[in-house]
Amino acid sequence: MNRQEMEAFFVSLGEKPFRASQILKWLHQQHVADFAQMTNVSKPMQQRLAELACIEAPEVAVDQLSIDGTRKWALRLHDGNVIETVFIPEDDRGTLCISSQVGCALDCSFCSTARQGFSRNLTVDEILAQIWLAGKLLKEEGKSGRNITNLVLMGMGEPMLNYENVVRAIDIFLDDFAYGLSKRRVTVSTAGVIPAMDRLADRHDVQLAISLHAVNDELRNELVPLNKKYPLKDLLAACHRFMEKQPARARITIEYVMLDGVNDSLKDAQALIKLLSGLSVMVNLIPFNPFPGSGYKTSSAEAVKRFQTKLHDAGITTVIRKKRGDDIDAACGQLVGKVADRSRRTEKFITP
Ligand code: SAH
């Protein structure tokens with residue numbers, strides 16, 4: 001429940017609405033999972049809540065720490081499905097990368113999650129459980145409760161195909177009585193589900209990242225099949241519409257995976273500059289993370305650098321995404337590193 005929903009819930013119990021902010025704080029800031037420990041709530045109310053509600057987290061099936069400090073958790077949901085959450089610490093911030101669906105339906109040709117197929121949407125509480133558990137586990141290790149400063153919906157799944165649950169979870173990410181994250185530090189990444197992008201612009205002032213990856217429809221149809229439904233021209237128009245509703249200095253992030261000999265030539269860079277002209281953007285070049293049977297190769301460091309310089313020279317801020325958590329299969333697109341094929345869903349996270 002977001003704050004409004006929880007206020008309505010307390011009013012329906014004959015209580016004052018401010019109870020909602022008390023409970024939100026206990027739950028999301030103190031990570032308390034037992035109503036009896038909520039000391040500013042009366043005993044009868046604690047009992048009533050325990051009868052009506054429960055606070056349960058998914059089981060941590062795998063907890064892996066990379067040599068670079070990146071931490072990956074595989075979380076087992078009540079129905080046995082497993083999702084992944086990744087924490088990426090940096091000097092000045094901590095980014096949590098969360099999943100929005102079990103598997104993914106988009107079938108992007110270079111993404112390992114695609115090989116798993118789509119199982120189902122995550123519920124609001126399953127989306128929230130990821131930040132709740134990560135915050136709790138980090139805190140238990142003596143790290144500050146404030147170590148998650150940034151949140152990216154770049155894990156498994158397409159967040160804009162689980163629109164309702166994602167925007168309701170974002171309500172709670174942003175609420176000062178809950179996680180209190182800055183809207184500039186919450187990023188929704190989408191392959192370009194245009195109707196949902198339009199709705200998001202009216203609902204939340206968060207950061208948008210577009211997984212572009214190609215500069216013409218022919219190639220994009222192949223890499224991101226969703227492009228057949230929402231081609232580049234329409235996607236770019238939607239980006240412009242989104243930005244019209246944003247504050248003046250806002251920028252959209254363009255994600256571009258660098259695939260050797262596929263989309264990494266200077267001609268591609270030139271076409272990208274043209275495509276993005278007039279749009280306030282930051283380009284994120286993602287070196288492709290290979291996985292068995294992907295059929296693609298990572299662009300050479302020189303090709304990535306050349307591509308970046310070309311965009312820079314055209315005045316486009318361009319950063320090369322650092323590889324993090326490579327040794328634990330936590331890097332972009334590797335979140336189901338252990339999956340063998342689509343039929344073996346339940347076995348894929350059983351690690352040696
Ligand atoms: N469905 C959403 C969010 C999940 S993917 C989207 O498409 O944006 C997060 C990012 O990782 C996307 O930009 C995706 O294209 C990229 N990605 C997927 N597989 C990858 C791989 N093997 N190497 C590098 N980036 C990858």
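In listed order, ligands and their atoms are each counted from 1. Worth saying up front: this structure is predicted, and the values here are computed from it rather than measured.
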Report, in ascending order of atom number, the atoms of ligand 1 lying under 4.0 Å from any heavy atom of [X].
X      : result
Ala191 : 6 (C), 7 (O), 8 (O)
Cys111 : 18 (C), 19 (N)
Ser211 : 6 (C), 7 (O), 8 (O), 12 (C), 13 (O), 15 (O)

Non-hydrogen atoms of [X] versus ligand 1: any pair closer than 4.0 Å?
X      : value
Gly155 : yes
Gly157 : yes
Met160 : no

Practice item. Please say whether Phe110 places an N or O atom under 3.5 Å from an N or O atom belonging to ligand 1. Key: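 Between Phe110 and ligand 1 (N or O atoms, distance only) the closest approach is under 3.5 Å.
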His213, any N or O under 3.5 Å of ligand 1 N or O
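Yes, at least one N or O pair falls under 3.5 Å.
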With rounding to the nearest 0.5 angstrom, report the [atom1] to [atom2] distance, [X] to [Y].
X      : Y      : atom1 : atom2 : answer
Leu200 : Thr190 : CG    : OG1   : 9.0 Å
Ser182 : Leu174 : OG    : CG    : 8.0 Å
Met160 : Gln101 : CE    : CD    : 10.0 Å
Trp132 : His31  : CH2   : NE2   : 7.0 Å

| query | Does Tyr256 reach the main-chain N or O of Asp264 with its side chain, forming a donor-acceptor pair under 3.5 Å? | reply |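 Absent.
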Any donor-acceptor N/O pair, Glu84 side chain to Met156 backbone, under 3.5 Å: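 Absent.
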Practice item. Answer yes if the ring centres of His213 and Phe110 are under 6.0 angstrom apart, and no otherwise. Key: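 Here the rings of Phe110 and His213 have centres that are less than 6.0 Å from each other.
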Salt-bridge test for Glu126 and Arg120: reply yes if a basic N is under 4.0 Å from a carboxylate O, no otherwise.
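Salt bridge between Glu126 and Arg120, a charged N being under 4.0 Å from a carboxylate O: yes.
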Who's closest to atom 10 (C) of ligand 1 heavy-atom-wise, of Lys323, Glu255, Arg321?
->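 The option holding the nearest heavy atom is Glu255.
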Ile286 and ligand 1 - part of the residue with a heavy-atom distance under 4.0 Å:
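The answer is the side chain.
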- Considering only heavy atoms, does Thr113 approach ligand 1 within less than 4.0 Å through its side chain, its backbone, both, or neither?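 It is neither part, as no heavy atom is under 4.0 Å.
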